[in-house]
Asks: 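Sharing a structure here in structure tokens format.
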Amino acid sequence: MNSIENTGESDEALRKLSMVTRFLGENEERKRNVQESVDLAKRAVRIDMKSSENWYVLGNAHFTNFFTSVQGWEDLKKALSAYN
């Protein structure tokens with residue numbers, strides 16, 4: 001058993017939390033929540049890298065981060081990478 005499995009985290013729960021978190025708050029709080037959404041989706045992918053749902057949610061989180069934070073093309077590239 002690896003360390004992620006020992007935490008008892010569920011990739012499904014992390015995915016759903018990622019989806020909800022990115023829509024909470026306004027302005028600066030929303031930007032922080034969107035970044036947290038990316039982090040949650042990354043944790044889900046680490047638990048099950050073969051899950052297409054995990055990668056899809058990660059792509060959506062990066063895509064949302066691009067339009068929320070406008071940090072640059074890097075987020076858009078990360079979204080595309082996750083979708084592939």
Side-chain angles (χ1 to χ4, degrees):
M1 208 187 264
N2 66 31
S3 61
I4 292 174
E5 292 172 339
N6 288 335
T7 65
E9 291 182 326
S10 159
D11 64 322
E12 180 181 9
L14 289 168
R15 268 196 324 266
K16 290 179 179 180
L17 191 55
S18 173
M19 289 186 281
V20 169
T21 301
R22 82 178 74 122
F23 293 104
L24 298 175
E26 293 183 21
N27 302 318
E28 293 302 314
E29 181 183 15
R30 173 117 191 258
K31 289 179 184 179
R32 286 190 301 275
N33 286 341
V34 169
Q35 184 54 54
E36 182 179 347
S37 170
V38 171
D39 296 339
L40 290 165
K42 285 180 180 179
R43 285 168 50 192
V45 167
R46 281 195 298 264
I47 291 172
D48 185 0
M49 293 187 75
K50 293 181 181 181
S51 169
S52 59
E53 290 179 81
N54 291 346
W55 286 104
Y56 176 75
V57 170
L58 178 59
N60 285 345
H62 279 299
F63 192 69
T64 303
N65 198 32
F66 173 76
F67 285 106
T68 304
S69 301
V70 191
Q71 293 182 356
W73 292 104
E74 195 60 33
D75 284 309
L76 214 47
K77 290 177 186 175
K78 288 177 183 177
L80 182 59
S81 178
Y83 289 138
N84 287 325

Asks: Taking only residues two or more places apart in sequence or in another chain, which ones pass salt bridge (charged side-chain N to carboxylate O under 4.0 Å, His left out) with D11?
Replies: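 Expected list: R15.
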Asks: In the structure I gave you, are the side-chain heavy atoms of R43 and L40 within less than 4.5 Å of one another anywhere?
Replies: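 Side chain of R43 against side chain of L40, heavy atoms only: contact under 4.5 Å found.
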Asks: Can you tell which of N54, T64, V57, V34 makes a side chain to side chain contact (heavy atoms under 4.5 Å, CB included) with S18?
Replies: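 Only one of N54, T64, V57, V34 forms a side chain to side chain contact (heavy atoms under 4.5 Å, CB included) with S18, namely V57.
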Asks: How long is the straight-line distance from CZ of R30 back to CD of E36, given to the nearest 0.5 Å?
Replies: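 E36 atom CD to R30 atom CZ measures 13.5 Å (nearest 0.5 Å).
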Asks: Applying the 4.5 Å side-chain criterion to the ILVMFWY set and letting contacts propagate, would V20 and L14 be lumped into a single cluster?
Replies: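 No, separate clusters.
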Asks: For the pair W55 (side chain) and V45 (backbone), establish whether a donor and an acceptor sit closer than 3.5 Å, ignoring hydrogens and angles.
Replies: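 No, because the side chain of W55 does not come within donor-acceptor range (under 3.5 Å) of the backbone of V45.
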Asks: Would you check, one step at a time, whether the test side chain to side chain contact (heavy atoms under 4.5 Å, CB included) holds for T68 with R22?
Replies: CA-CA 10 Å; T68 304; R22 82 178 74 122; over 6 Å; no
Asks: Does one hydrophobic cluster hold both L17 and I47, with members joined at side-chain heavy-atom distances below 4.5 Å?
Replies: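 L17 and I47: one cluster.
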Asks: CG of D39 to CG of L58: how many Å apart, nearest 0.5 Å?
Replies: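 Here the interatomic distance stands at 10.0 Å.
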Asks: Could you measure the distance from the NZ atom of K16 to the CD atom of E53? Nearest 0.5 Å is fine.
Replies: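 One gets 9.0 Å once the value is rounded to the nearest 0.5 Å.
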Asks: Got a salt bridge between R32 and E29, using NZ or NE/NH1/NH2 to carboxylate O under 4.0 Å?
Replies: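 Salt bridge absent between R32 and E29.
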Asks: Can you name the nearest heavy-atom pair linking N33 to L24, along with the distance?
Replies: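 Heavy-atom minimum between the residues: ND2-O, 2.9 Å.
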